[in-house]
Amino acid sequence: MTCLFKGPYVSRSPSFSPSFLSPHLGVLITPKSRPPVTKTKSGVVRAMPADSPSSEIDNNGALRKCKLNESSFLASLMPKKETGADQFVEAHPEFDGRGVVIAIFDSGVDPAAAGLQVTSDGKPKVLDVIDCTGSGDVDTSTVVKADANGCIRGASGASLTINPSWKNPSGEWHVGFKLVYELLTDTLVSRLKKERKKKWDEKHQETIAEAVKQLEEFDKQQTVVEEVNLKKTRADLEDRIDYLKKQTDIYDEKGPVIDAVVWHDGEVWRVALDTQNLEEDPACGKLADFVPLTNFKIERKYGVFGKLDACTFVTNVYNDGTILSIVTDSSPHGTHVAGITSAFHSMEPLLNGVAPGAQVISCKIGDSRLGSMETGTGLTRALIAVVEHKCDVINMSYGEYTMFPDYGRFVELVDEVVNKYRVVFVSSAGNNGPALTTVGAPGGTTSSIIGVGAYVSPAMAAGAHALVEAPPEGLEYTWSSRGPTADGDLGVYVSAPGGAVAPVPTWTLQRRQLMNGTSMSSPSACGGVALIISAMKAKGIQVSPYSVRKALENTCTSIGCLPEDKLSNGHGLIQIEKAFEYAQKAAEMPCIWYKISISQAGITTSSTSRGIYLREASCCDQSTEWTVQVDPQFHEGASNLEQLVPFEECIELHSSGKEVVRAPDYLLLTYNGRSFNVVVDPSKLSDGLHYFEVYGMDCNAPWRGPLFRIPVTITKPKIVETQPPLITFSGLSFQPGHIVRKFIKVPYGATWVEATMRTSGFDTPRRFYIDTVQILPLKRPIKWESNAIFSSPSTKSFTFSVVGGRTMELVIAQFWSSGVGSHETAVVEFEIAFHGIDVNKDDVILDGSEAPVRIEAQALLSSEKLAPTAKLNKIRVPYRPTDSKLSALSADRDKLPSGKQILALTLTYKFKLEDAAEVKPQIPLLNNRIYDNKFESQFYMISDSNKRVYAMGDVYPDYAKLPKGEYTLQLHLRHENVQYLENLKQLVLFVERKLDKEAVQLNFYTQPDGPVTGTGSYKSSTLCPGSKEAFYIGPPTKEKLPKNAPEGSVLVGAISYGKPSTVASDQGNDPEKNPVSYQITYQVPPMKVDEDKRKNSTSRASTKSVSERLEEEVRDVKIKFLATLKQGTDDERAEWKKLSISLKTEYPKYTLLLAQILEGLLSQEVEDKARHYEEIIAAADEVVKSIDTDELAKFLSIHGDPEEEDFEINKKKMETTRDQLVEALYQKGLALVEVASLKGEMAALAANLGAEVVDKPDGGEGESSSAASASSADVFEETFKELQKWVDAKSSKYNTLLMIRERHSGRLGTALKVVNGMIEDGGNPAKKKLYEERISLLEQSGWVHLVVYEKQWMLPTFVSICITSSSKSVARVELSRSAVRKSAKMIL
């Protein structure tokens, strides 16, 4: 399977949470010993400096034991001794990073975190905090004015008081709102929900107790409940209790809302927040008490939302006040990384970051809405910010696998920033080791970025990891990714300490914590770079990313003694003092980088590589020749006459293994570059891994070390010769941190492996990483991995897929700290059995016809059981955009350093779900690629008809549960090339839906006619080696097709053929559980013709005369014409009324006409509401009077013969008449309530319905008014009872009237039950008025805590979402928090 790592690079060790790491408790175990490494003639030295005051060193540099005192323990928490950074700063305190600005591309930095306030020389530590993702954007485009009392209406509907001391010359206040949980991490939200629910539960339990008490009192007073109203009253009390109990079960707080106000004080934009909803004390969090903020870089001030969350935030205002960015971190990761680079603790200098004098720019690239996943928008904006703030170095501890190394839109922009603006870019290599070719993008695969591996020293193990016994020497963490890249480059360029106890955000409720990963090694190296740049600036040495990188790489201390260790450790552990000395010595040398492009001689190809990587068996059996092109690369703007023309270097070429890799001796290199050939002959090499280098030295200055290197990696695979193919590796000995690599050529015809691992020789638990990797062209590395823990010597089995004919690396590694104190060597035997069934079709396509597809299968290796199974479990429906909009984005955040303006293409798609389902948008062109993608950004949002957002995502879409209804999907794409975006205006998008219970199991046949005849079923058979067998897979029958599968949609699933042993796999009928499965698709054909339509089109001729038929046709045309008339203006309504009166005169008792007139009245919007509803009541009465209800009831009670056509025709007519009657009664009931409400007669209406008075008229109306009210109540009750005769009034369609009746009968519990049912109905999303009605009922019931809860739900449910220039969502409110009515007025 392919393992994709996305997001921050933190260790995959299960001892640590990937997103939020707790301090280590000492359960990890560490190695006792490793093979001794001595200094050799080649200059390999020990990675751990030999002058550690707390260690004992033997005469060959090996560390025998590590003892910590208090100071060395504290120093181990923030490792600097390993790289010499502590000694460098001690020797040069003024070179501690001063004058250097570091950009942190991460999840955001908390400026309130420990050590991140000031630099060592008293300057502000954090210069700017930017949310590059837009996840904290708030739409503040709405402008309001303050009233006479100095109050404004906030976007949430709240009344906000303005502080009179705030300067606002224009008097214009921009308002917006944000759900605070959208700004916080999942961890913090979980904590807040838990705390807030605890308080909510206390109030809720009191409410339940009171409701139960009321029921008990009722039962005491009414010992016998026979009367109808008493029964209803008791049922209502029970409904109240049931409702309250249900709220306990479904409680899901959406979080408090904060109102934001933005204004210009004549100098800068100011921001104030109203956070009352976050505070328990209503006197706290008021807008007027907020100390206004401005853009962080101006005043460097921040705020905290509330005491409970303790979450720091900053603000930035864009687009002339129309966009407010509230910046919070999306995980503790970014603050931790920033702390490693440059934290300064004046009272705790041992815990300082590497460069305490450096300053920081926080560029948040981890989107809070996507679980801190980076986005293309965030990456691009971060690079723009780097240039704007003139940063010296970038740290990025993020990344993932990539299909194409050194490719993509982000890589292009990075190259520009590095080459033109001279910024050093440092990034993590990844945590997907220990297998080769596991480095991630961009750190391990991009030429202009320094990829950093993760190193752990004995002091770190003993101190930070709190192990009982430290390893005898430093080593790379087991999980640290390894090179080479797929195109042969080194991948890991340097190593640095990969763990630290560093500052974390205040909301974590702690000052610092332990994290490890290449996410930590990268900032350690980045801090080292900051020290070097600081010293270079102080010494007046020109700073170039080329010269800094060369100084780093050519002065590293090697880790390990074998040449191939470079693939794990790069050039070694960085050494700051030596690197600076190198930079000083090379100060007068030209700033040049050497671009390497390699192609195989005699082979025409459009692509080149950066190294030579011979991995497959066919490449390792013969000599090959390679052409190497070396191009000197100067910084943009270099002088032609002063720099380019004079450039000339005499290069002496060396090979680290001349018996295998041969190159010319010398090369004269000029600005236009030069090529030379390299011959590689691996034919005499043994099986396994071999690493060589061809490197060029300056003949005139050999002290410079290699100017360029050509990595040559050879993985010569072992050939499996046994039949059946089986290979066993026995007697593999493991100590902690030991890694064994085996390379095997997977036999042709193999598709899966059944492996067995047997362990022995130990009595304490052992943890092993078992990984396999295969590389195919134009694919991400195919990786399978297992983290196996053996509590005692035992056997484990594994099954995974392979690709025949390609080299597979098997790597077994004992975890670096597993086995501490036992001093026992674990012995492993690993057995691999290759299996396979080869088929003539990898992917099966059923074209929608009744014809089956023929499958031909054969076993090439051994006898296999052929047991095919196939299932279609998803459906993809294609959509074209209903709208496309191309626009230029704001120059505030989206203008590239080149001056080009980024453009945005917004595509709108519409789709409908007939039932609730899990859906996922699929964009085949763009999905699953961030870095290896020429498009800058993509982002989508799915919202319902209420504008409520249900899902959002980017390149990695995920399933979202959506209820039945209509949906809008907006897709936002960004690029500066208008033609690229124009080409995507009709981009096809698939909405993929899980079928679950509708999944279709397909059948197999031995005959081509089997799907039609149902004969010749095929189940299974045994394939002998070399034999072939064929069978057919039939399409799904039309009866099995899922509902709502439109023509052109595609059913998608999987098909498998083999049956692994039951020990290795329990597959059942699910092919996706098989280690090897292939995609199968079915094109949904056109649907069959509707039989009813065909029948109606051929129905027998009418028996009526021509004149009668003509008269009916004329009548129906007139009615249809009436229905088409518009009624938007007074004149149009007058014309409609005139025609309707005329038609009523002509057809006085024609129900269809009268029903149409009623429908027309219902569609009108008029000012005189009372008169309008009176007209509706009259029109409804006319419909009712036109129907002979006795005859209708009599007919509907008859069970006629459905085969008789006349009966069916009459039945449909009568059902239509009944529907018209029911609709008239329903609308009359609603209108009666509206009339009573408008006339202030609701109290009387309620009283006459037998309820308590819940609303009082505005004034005394006298006896006539009371009589009229009583009459209205009688009419309402009569209407409702008549409606009950024809339909179930409790059905969802007529629940509104039932809810009104129950409410105004005083049965609030039953009314709540009804309105809840209407909201939860499986139809379209409930309208806002139903939620408002529920709030009103809760207010009447006196349940204040539930009112607050419901109001919080209202805002996320009914907001208008738009995609702004940030390509992210902001919300515009569509409701008022004060809109909850305290009167008894109905919302219809």
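Side chains are part of it too, since the values below use all heavy atoms of this structure and drop only hydrogens, waters and symmetry mates. Predicted model only: the values in this text are computed from it and were never measured.
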Thr518-Asn431 side chain donor-acceptor pair, cut-off 3.5 Å: yes

Reported OG1-to-CD distance for the pair Thr869 and Gln1001, which is rounded to 0.5 angstrom: 4.5 Å

Spacing of Thr438 atom OG1 and Leu567 atom CG [to the nearest 0.5 Å]: 10.5 Å

Side chain to side chain, Pro1071 and Ile1055, heavy atoms closer than 4.5 Å: no

Heavy atoms of other groups near Asn927 CG, more than 12 under 6.0 Å: yes

Close side-chain approach of Phe834 to Ile727, heavy-atom, < 4.5 Å: yes

Under 3.5 Å side-chain donor-acceptor pair for Glu564 and Thr713: no

Within 45° cone and under 6.0 Å: Lys566 NZ/CZ vs Tyr691 ring: no

Check: Thr764/Arg766 side-chain N/O donor and acceptor closer than 3.5 Å: yes

pair Asn569-Val492: side-chain heavy atoms closer than 4.5 Å: no

Modelled atom types, side-chain donor and acceptor of Gln723 and Ser862, under 3.5 Å: no

Sub-4.5 Å side-chain heavy-atom contact between Phe768 and Lys796: no

Contact summary for Val802 and Gln774, nearest pair of heavy atoms: CA-OE1, 3.4 Å

Nearest-0.5 Å distance, OG of residue Ser792 to CZ of residue Phe762: 6.5 Å

Results of side-chain hydrogen bond (donor to acceptor under 3.5 Å, both in side chains) for Asn1003 - residues two or more places apart only: none

Whether His835 and Trp752 hold their rings parallel, tilted or perpendicular, with breakpoints at 30° and 60°: parallel

Single hit among Cys619, Pro484, Pro711 for side chain to side chain contact (heavy atoms under 4.5 Å, CB included) with Tyr613: Pro484

Nearest atoms (heavy-atom pairs only) where Ile739 meets Pro434: CD1-CB, 3.9 Å

Main-chain N/O of Gly1016 paired with Thr1006 side-chain donor or acceptor, under 3.5 Å: yes

Check: Ser863 and Pro1025 side chains under 4.5 Å, non-hydrogen atoms: yes

Side chains of residues 806-815: which donor-acceptor pairs under 3.5 Å do they make with residues two or more places apart or in other chains?
from	atom 1	to	atom 2	distance (Å)
Arg806	NE	Ile775	O	3.4
Arg806	NH2	Ile775	O	3.0
Thr807	OG1	Arg615	O	2.7
Thr807	OG1	Glu616	OE1	3.3
Glu809	OE1	Leu436	N	2.9
Glu809	OE2	Leu436	N	3.4
Glu809	OE2	Arg741	NH1	2.8
Gln814	NE2	Ser818	O	2.7

Side chain proximity check, Arg929 to Thr402, heavy atoms < 4.5 angstrom: no

Under 3.5 Å side-chain donor-acceptor pair for Ser568 and Arg482: yes

Minimum side-chain heavy-atom gap Pro471-Pro736 below 4.5 Å: no

Note: Lys1028-Glu856 ion pair, threshold 4.0 Å (strictly below): yes

Phe830 side chain near Thr756 side chain, heavy-atom distance below 4.5 Å: no

Value rounded to 0.5 Å, distance of CG in Asp621 from CD1 in Ile719: 7.0 Å

Donor + acceptor pair across side chains of Tyr1057, Thr751 (<3.5 Å): no

Straight-line distance of Thr445 OG1 to Tyr401 OH, nearest 0.5 Å: 12.0 Å

